[in-house]
Amino acid sequence: MTIALKLQSRIQQAFEEAIDKAAASEGWTIENMPAVELEVPKEKSHGDLATNVAMQLTREVKLAPRRIAEVLIQHLNLAGTFVESVEIAGPGFINLRLNNQWLYQVLRDIEEQGEAYGRSNYGQGKKVLLEFVSANPVGPMNVVNARAAAVGDTLANIMEAAGYDVSREYYVNDAGRQAHLFGLSILARYREMAGLEVEFPEDGYAADYVTELAGILRQEVPDLLEKSQDEQEAFCKRWGTDRMVEQQKADLAAFGVEFDHWFRERELHEGGYLQEVIQFLQDAGYLYEEDGAIWFASTRFGDDKDRVMIKSDGEPTYLTPDVAYHWNKYRRGFEHLIDIWGPDHHGYIARMRAAIQALGYPADSFEVIILQLVTLLRHGEKVRMSKRAGQFVTMKELLDEVGKDAARYFFLMRAPDSHLDFDLALAVEQSQENPVYYIQYAHARICSILRQAQESGIEVPKAAEAQLDLLQTEEELDLIKKLAQLPEEIIQAAERREPHRIARYCYELASSFHSFYTHCRVLGEEEALQGARLVLVQAVKQVLRTALRILGVSAPERM
RNA sequence: GCGCCUGUAGCUCAGGGGAUAGAGCAUCGGACUUCUAAUCCGAGUGUCGCAGGUUCGAUUCCUGCCAGGCGCGCCA
């Protein structure tokens, strides 16, 4: 465990003990013990750590908060915690000031732990399945898919760093109506090219890429039309969706996103899992027949209305394979499921959660993150997108235009439940004001210092051998404090499923570094100070790389 | 009509039961003979959508309303 986390828990413990002792000696009766929460005050003059526990206790102990704080402090034993002073402030905060020695320990921790610095066992190895993107394999991915890819992948990185056992999964809807129509559309274009008179399918995919696919298919399988009608359709559907999946894999890989598993819907159909889940729900008494359809009594688990699982024509609805799929996830041993969906699917959560309960799993083991929409802008003007006319910006085009690093960072800047404005022009043209470059530039500057040190034969000393207490300026101390925050930031981001916290952290760390860089010289200083600052710079490099890697943004050596 | 998300500085957004609500952009003024000025330093701006409620304390939680977005199928 890192010094920052250790210190926090020790101080918390000291407060808990102080509360017990105070209660005993003062005769307080405390029924609901408030949790001792420590926070880093926004205002520097309020010290390094603060707790509001005395104010929390006013509910239990009928005394003025400042009075409670006084009593607590009398019973507080802070030996071995680096706490240098304790004071009561404002309405009843207890502010703690720490000795700088703990900061030097942070630098030693970072050196010792290297890439592992920032990681923790908060998640205790819990097996989590994170499903995201899952775009239909019937066309290129769009910018919302791209946002989902960035957020999902980064959340997985964060949760892994926080000690969860995370698996990334992509669900391929290759067996539904859309896939069928897609196959029919390819087949229609194919026949056109063969000079046949065809009627293009209603609601079919008329965009150019379908025609291009048909052209490729004609070259690969010139004798397709000799098969039976059913065989032709089935072939086009399978060939087309497989082809799109390969395309999606390639696009996502270029975006730095690799999935552990691509789960095919058709496997559910072929493996008889739809019947199995229907049977299970039937046996459990959650299904009934009405108007010729089979209904799932989802209202018994809080849904607004019951849902059809098998239509009166005997075909399953979209829900049925999806329930089968989620059941499958649990049966593969995952304890917690997280799905990332678009805002148009929020109405779907209640029925899915109902199904999960009907299958015997706890409601809170299934979680949905609804990702809000992306508004694409160019120079502040909305980019109009029409899928029918084929005028939409694809994920690939976005990547080609702004690059992986800028694209990922922009998607990760905002909270998932916040609508996102993405200005394409801003992401590239205003590169000087671009936060991505600001962060990467900090890394490049560090590399430059280390490179020049090496060229001059100056070695970065071991932290244990450096005179770290020479690091005394405000800029140096602020920078180390920022470094100390990473483990806690990762835990917070994991717990709250908020990747944007790490994006923010990177920016703040870069900002602290730039400030340090301007105010403190490294090379050419007196040897002991130079050594201490080299240790610091090395540590910043390590932490910045770790945080950027979590975001999937590269850390260039030069710019 | 019902459900979900959002409403915070001129713009884009963080934050969050507590101490004087923060960043970036934009605007203005400074800083390079020295490790990369893609940087730094300084300056100003807020009825935290409106109204009630809970609380020692609400911008934060609850309720209602207003505004914007998205849903509400035997579509997927």
Side-chain angles (χ1 to χ4, degrees), chain A residues 39 41-43 45-46 50 52 55-56 58-59 62 64-65 89-93 95 136 138 173 175-181 203 265 290-295 304-305 307-319 321-322 342-350 368 370-373 375 377 380 413-423 426 430-442 444-453 455-456 458 475 498 500-501 503-504 507-508 510-511 513-525 530 533-534 537 558-559:
Chain A
E39 56 162 25
K42 284 171 267 185
E43 187 71 33
S45 65
H46 296 144
N52 64 355
M55 290 180 281
Q56 297 290 347
T58 54
R59 262 181 252 290
K62 301 296 177 196
F93 288 99
N95 293 338
N136 280 337
V138 297
N173 281 280
R177 182 180 135 82
Q178 310 262 6
H180 187 66
L181 267 173
D203 301 325
E265 182 185 353
E290 194 175 289
D291 303 331
I294 308 282
W295 294 71
D304 293 347
K305 44 183 134 175
R307 308 291 173 177
V308 171
M309 291 198 82
I310 305 288
K311 296 186 268 180
S312 50
D313 64 4
E315 288 296 312
T317 62
Y318 179 81
L319 179 63
D322 222 12
D344 51 336
H345 283 79
H346 84 265
Y348 201 75
I349 298 172
V368 179
I370 293 292
L371 209 51
Q372 292 298 324
L373 291 174
T375 305
L377 309 169
M413 276 168 71
R414 306 286 176 239
D417 56 10
S418 177
H419 300 249
L420 175 74
D421 279 357
F422 193 133
D423 195 313
L426 200 77
Q430 290 203 339
S431 57
Q432 292 170 2
E433 311 300 343
N434 194 313
V436 190
Y437 298 128
Y438 180 86
I439 297 164
Q440 291 180 323
Y441 185 50
R445 275 180 147 178
I446 292 169
C447 290
S448 179
I449 294 173
L450 295 175
R451 197 161 48 232
Q452 287 180 47
E455 283 163 6
S456 322
I458 300 167
E475 287 80 14
E498 291 180 338
H500 70 283
R501 287 173 178 273
R504 211 170 186 75
Y507 191 89
E508 288 168 2
S511 179
F513 174 78
H514 283 310
S515 183
F516 160 80
Y517 184 91
T518 306
H519 293 97
C520 304
R521 179 121 194 128
V522 178
L523 302 179
E525 287 290 339
Q530 173 180 277
R533 285 184 174 164
L534 280 169
V537 163
R558 297 170 197 268
M559 286 174 76

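Naming: A, B, ... by sequence-line order, numbering from 1 per chain.
- Looking at heavy-atom distances under 4.0 Å, A:A50 makes contact with a base.
- You'll find the side chain of A:L319 stays beyond 4.5 Å of the side chain of A:V308, heavy atoms only.
- Going from atom CE of A:M559 over to atom C1' of B:C35 covers 17 Å, rounded to whole Å.
- Residues A:L420 and A:Q372 fail the side-chain proximity criterion, which asks for heavy atoms closer than 4.5 Å.
- If you measure from atom OH of A:Y517 to atom P of B:A38, you get 10 Å, rounded to the nearest angstrom.
- On the P atoms, B:C5 is 11 Å away from B:C61, given to the nearest whole Å.
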- Message: Determine whether A:R307 and A:T317 satisfy the following criterion, side-chain contact (heavy atoms from CB on, under 4.5 Å), listing intermediate values before the conclusion.
- Response: CA-CA 9 Å; A:R307 308 291 173 177; A:T317 62; over 6 Å; no
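- Put simply, CG on A:L420 is 14 Å from C1' on B:G69, counting in whole angstrom units.
- At a threshold of 4.5 Å between non-hydrogen side-chain atoms, the residues A:H514 and A:Y438 count as touching.
- Look at the C1' atom in both B:G1 and B:U20: the space between them is 45 Å, to the nearest Å.
- Here the side chain of A:P41 is nearest to one of B:C40, B:U55, B:A19, namely B:A19.
- The gap from the P atom of B:G46 to that of B:G69 amounts to 29 Å, rounded to the nearest Å.
- Listed for the A:H46 side chain is no donor-acceptor partner under 3.5 Å among the backbone atoms of A:A89.
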Pairwise N/O distances under 3.5 Å, protein to nucleotides 30-33 of chain B:
none

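- Each of A:A89 and A:K62 lies near RNA chain B, and the nucleotide nearest A:A89 is the one positioned closer to the 5' end.
- Proximity note for A:D421 (side chain, C-beta onward) versus B:U12, B:C5, B:G15: the nearest is B:U12.
- A:A444 comes within contact range of at least one nucleobase, with a heavy-atom separation under 4.0 Å.
- When the nucleotides B:A23, B:A14, B:C35 are ranked by their closest atom to the side chain of A:V522, B:C35 comes out on top.
- Remark: the separation of the P atoms in B:C65 and B:G3 is 10 Å, to the nearest Å.
- Proximity of A:S418 to the phosphate of B:A14: a side-chain N or O atom is located under 4.0 Å from OP1 or OP2.
- Side-chain contact between A:P416 and A:H500: present, with at least one pair of heavy atoms (C-beta onward) separated by less than 4.5 Å.
- Among the atoms of the strands shown, base atoms are found under 4.0 Å from some heavy atom of A:C520.
- Stacking between A:H419 and the base of B:G69 is absent under the criterion of ring centres within 5.5 Å and planes under 30 degrees.
- Two residues, A:N52 and A:R307, neighbour RNA chain B, and the one matched to the more 5' nucleotide by heavy-atom proximity is A:N52.
- Helical stems of RNA chain B (runs of at least 3 Watson-Crick or G-U pairs, donor-acceptor distances under 3.5 Å) are listed by first residue: B:1-7 with B:66-72, B:10-13 with B:22-25, B:27-31 with B:39-43, B:49-53 with B:61-65.
- Side-chain contact between A:R504 and A:Y507: absent, with no pair of heavy atoms (C-beta onward) separated by less than 4.5 Å.
- Protein atom CZ of A:F513 is 13 Å distant from nucleotide atom P of B:U39, rounded to whole Å.
- Taking every heavy atom of both residues into account, A:R501 and A:E498 meet most closely at NE-OE1, 2.7 Å.
- Residue A:R59 is classed as a base contact, given a heavy-atom separation below 4.0 Å to a base.
- OP1 or OP2 of B:G15 has at least one side-chain nitrogen or oxygen of A:H500 nearer than 4.0 Å.
- What separates CG of A:L373 from P of B:C70 is a distance of 7 Å, to the nearest Å.
- When all heavy atoms of A:S515 and A:E475 are compared, the closest pair comes out as OG-CG, 3.7 Å.
- Across all strands shown, A:R501 has heavy atoms under 4.0 Å from sugar-phosphate atoms exclusively, and none from any base.
- At whole-Å resolution of the value, CZ in A:F93 and C1' in B:U20 are 12 Å apart.
- Nucleotides B:A26 and B:U34, compared at atom P, are 26 Å apart to the nearest Å.
- At whole-Å resolution of the value, CG in A:N434 and C1' in B:A37 are 17 Å apart.
- Spacing between B:C35 and B:C11 at atom C1', rounded to whole Å, works out to 36 Å.
- Two residues are said to be in side-chain contact when any heavy atoms from C-beta on lie closer than 4.5 Å; A:P343 and A:L373 meet this criterion.
- Contact between the side-chain N/O atoms of A:R504 and the OP1/OP2 oxygens of B:G22 is not found at any separation under 4.0 Å.
- In this structure, A:S448 reaches the bases: a heavy-atom distance under 4.0 Å links it to at least one base atom across the strands shown.
- Taking every side-chain heavy atom of A:P343 into account, B:C70 is the closest of B:C35, B:C70, B:C5.
- For the pair A:F513 and A:I439, the minimum side-chain heavy-atom distance is 4.5 Å or more.
- Residue A:Y438 places at least one side-chain N or O under 4.0 Å from the OP1 or OP2 atom of B:C40.
- Here the side chains of A:Y348 and A:V368 are not in contact, with every heavy-atom distance at 4.5 Å or above.
- Out of B:C40, B:A38, B:C35, the shortest distance to the side chain of A:Y437 is found at B:A38.
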- Message: Between A:Q452 and A:L523, is the side-chain contact (heavy atoms from CB on, under 4.5 Å) condition met? List the steps.
- Response: CA-CA 8 Å; A:Q452 287 180 47; A:L523 302 179; 3.8 Å; yes
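- Shown here is A:R177, whose CZ atom has no more than 12 heavy atoms of other residues, nucleotides or ligands within 6.0 Å.
- If you check every strand for non-hydrogen atoms under 4.0 Å, A:N95 touches a base.
- Separating the OH atom of A:Y507 from the P atom of B:U39 is a distance of 8 Å, rounded to the nearest angstrom.
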Measure all distances between protein nitrogen or oxygen atoms and nitrogen or oxygen atoms of nucleotides 74-76 of chain B, and list the pairs falling under 3.5 Å.
{"residue": "B:C74", "atom": "O2", "partner": "A:S312", "partner atom": "N", "Å": "2.8"}
{"residue": "B:C74", "atom": "O2", "partner": "A:S312", "partner atom": "OG", "Å": "2.9"}
{"residue": "B:C74", "atom": "N3", "partner": "A:S312", "partner atom": "OG", "Å": "3.3"}
{"residue": "B:C74", "atom": "N4", "partner": "A:D291", "partner atom": "O", "Å": "2.9"}
{"residue": "B:C75", "atom": "OP2", "partner": "A:K311", "partner atom": "NZ", "Å": "2.9"}
{"residue": "B:A76", "atom": "OP2", "partner": "A:Y318", "partner atom": "N", "Å": "3.0"}
{"residue": "B:A76", "atom": "O2'", "partner": "A:Q178", "partner atom": "NE2", "Å": "3.4"}

